[in-house]
Amino acid sequence: AENNPVDEQWWPSEFGADDQAGATNYITPEKRLEAVQLVKQGKVATLGMQYHNRLPLFPGRTFALSIPGGGGPTHDLPWKGDNFRQTFMDELVTAEIGQAGTQFDSLAHPMIKVTGAKDMEDGNYFYNGHRLEDIGSPRGLKELGPEHVGSFFTRGVLIDVAAQKGVDSLEKGYLITMDDFNAALEAQGIEDVKQGDVVLIRTGWNNLWRDNLDKPQDQASADNAEFNSGEPGVAPEVCDHLAARKASMLGMDNWGIEPYDFAALPPSEIESWGYCHANLVTRRGIYLMENMDLKQISDDRAYEFLFAWAPLKLVGATGSPGNPIAAY
């Protein structure tokens with residue numbers, strides 16, 4: 001937890017100075033073939049939450065889906081005969097498309113801002129030493145976008161801390177330690193993280209907004225406010241463990257990976273934000289995915305599975321929406 005990300009130079013990465021893929025390099029053909037063997041029942045769970053106009057958003061972000069033309073067909077085209085036409089529907093989505101709902105952080109999302117550090121040029125640094133000042137543009141970043149990621153087809157493991165604690169959801173601000181992590185592994189009877197694995201840690205926190213479309217608007221708004229007021233999350237030691245084990249991605253069912261309780265410690269008083277963002281994504285190219293739906297695999301006690309997903313090839317974007325699958 002004392003680790004400062006500028007104490008040591010984190011580039012070039014182990015994959016070379018020109019690498020833009022990061023930890024998907026760990027997912028080898030042999031790793032993919034091993035992952036296929038985890039499918040034994042033929043069951044599939046989708047791991048993305050629904051995208052809709054009542055999902056909670058980190059302050060300052062937007063998600064709005066509408067049907068152009070007031071809800072009628074966007075296209076009205078000829079069809080042979082007097083009584084027929086061909087019509088089509090479209091939608092318009094306005095959002096930080098990689099940073100709303102179930103969201104994948106590409107290597108172009110978290111940065112470490114450096115000012116006045118010895119032997120380092122000032123700037124906002126991404127993975128492999130890229131600076132925003134060098135690769136930024138109004139129409140997308142010139143490097144590190146999700147078009148370089150490739151795909152995830154690998155062993156997935158669920159670390160179900162909420163179930164291990166016997167609760168529907170961990171409390172806001174709860175710090176998931178290595179003791180919690182290891183206790184869940186032992187209770188579940190599975191091996192620790194292996195190189196190239198996708199690791200999913202369940203807190204239960206997004207139960208707050210799971211059924212928002214079935215609630216009155218005021219209740220959904222109140223639950224979204226509670227969801228955004230903090231979260232249970234992982235301790236730095238857990239992220240250090242995943243880095244040492246060379247996981248390819250950490251996914252969780254909260255909005256920001258690390259634990260927060262803004263009533264107890266307001267954002268303006270937090271000394272260091274985003275330890276795992278800095279020390280997994282920026283330094284090592286290990287990806288994050290937030291706001292995942294881990295309920296079905298928890299209910300099914302599916303602790304090992306084939307995890308399959310690829311981000312949208314949004315050139316120069318900071319992330320991607322997504323709906324991964326777990327097959328088991």
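The figures here come from the full heavy-atom set of this structure, side chains too, leaving out hydrogens, waters and symmetry mates.
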At their closest point, which heavy atom of [X] faces which heavy atom of [Y], and how far apart are they?
X    : Y    : answer
S320 : L314 : CA-CD1, 4.5 Å
F63  : A95  : CD1-CB, 3.7 Å
G204 : A162 : N-CB, 4.3 Å
I325 : L47  : C-CD1, 4.2 Å

Problem set entry | Residue list, side-chain contact (heavy atoms from CB on, under 4.5 Å) with K142, at least two apart or on another chain |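 For K142 the side-chain contact (heavy atoms from CB on, under 4.5 Å) partners, ignoring immediate neighbours, are I135, S137.
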
Exercise. What residues, two or more places apart in sequence or in another chain, satisfy side-chain contact (heavy atoms from CB on, under 4.5 Å) together with L213?
Worked result: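 Q50, H52, R54.
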
Exercise. Run the ring pair (Phe, Tyr, Trp, His ring centres under 6.0 Å) check on Y125 and W11 step by step: do they pass?
Worked result: CA-CA 10 Å; Y125 283 81; W11 71 87; 5.4 Å; yes

What do you reckon, is [atom1] of [X] surrounded by more than 12 foreign heavy atoms closer than 6.0 Å?
X    : atom1 : value
K313 : NZ    : no
E171 : CD    : no
W79  : CH2   : no
E186 : CD    : no

Could you list the donor-acceptor pairs under 3.5 angstrom formed by side chains in residues 34-45, with sequence neighbours left out?
residue: K40; atom: NZ; partner: Q37; partner atom: O; Å: 3.1
residue: K43; atom: NZ; partner: D300; partner atom: OD2; Å: 3.1

Check: [X]/[Y] side-chain N/O donor and acceptor closer than 3.5 Å:
X    : Y    : result
E258 : H277 : yes
Y260 : K172 : no
Q188 : D160 : no
T115 : D122 : no

For this session: Going by the side-chain contact (heavy atoms from CB on, under 4.5 Å) test, name the single residue among V199, I286, N279, V234 that passes it with L242.
Result: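 Exactly one option meets the side-chain contact (heavy atoms from CB on, under 4.5 Å) with L242, and it is V199.
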
For this session: Run the numbers on Y287 and F152 for ring pair (Phe, Tyr, Trp, His ring centres under 6.0 Å), then give the verdict.
Result: CA-CA 11 Å; Y287 295 94; F152 295 86; 5.8 Å; yes

Charged N-O contact under 4.0 Å between [X] and [Y]:
X    : Y    : result
K246 : E14  : yes
K295 : D299 : yes
R245 : D197 : no

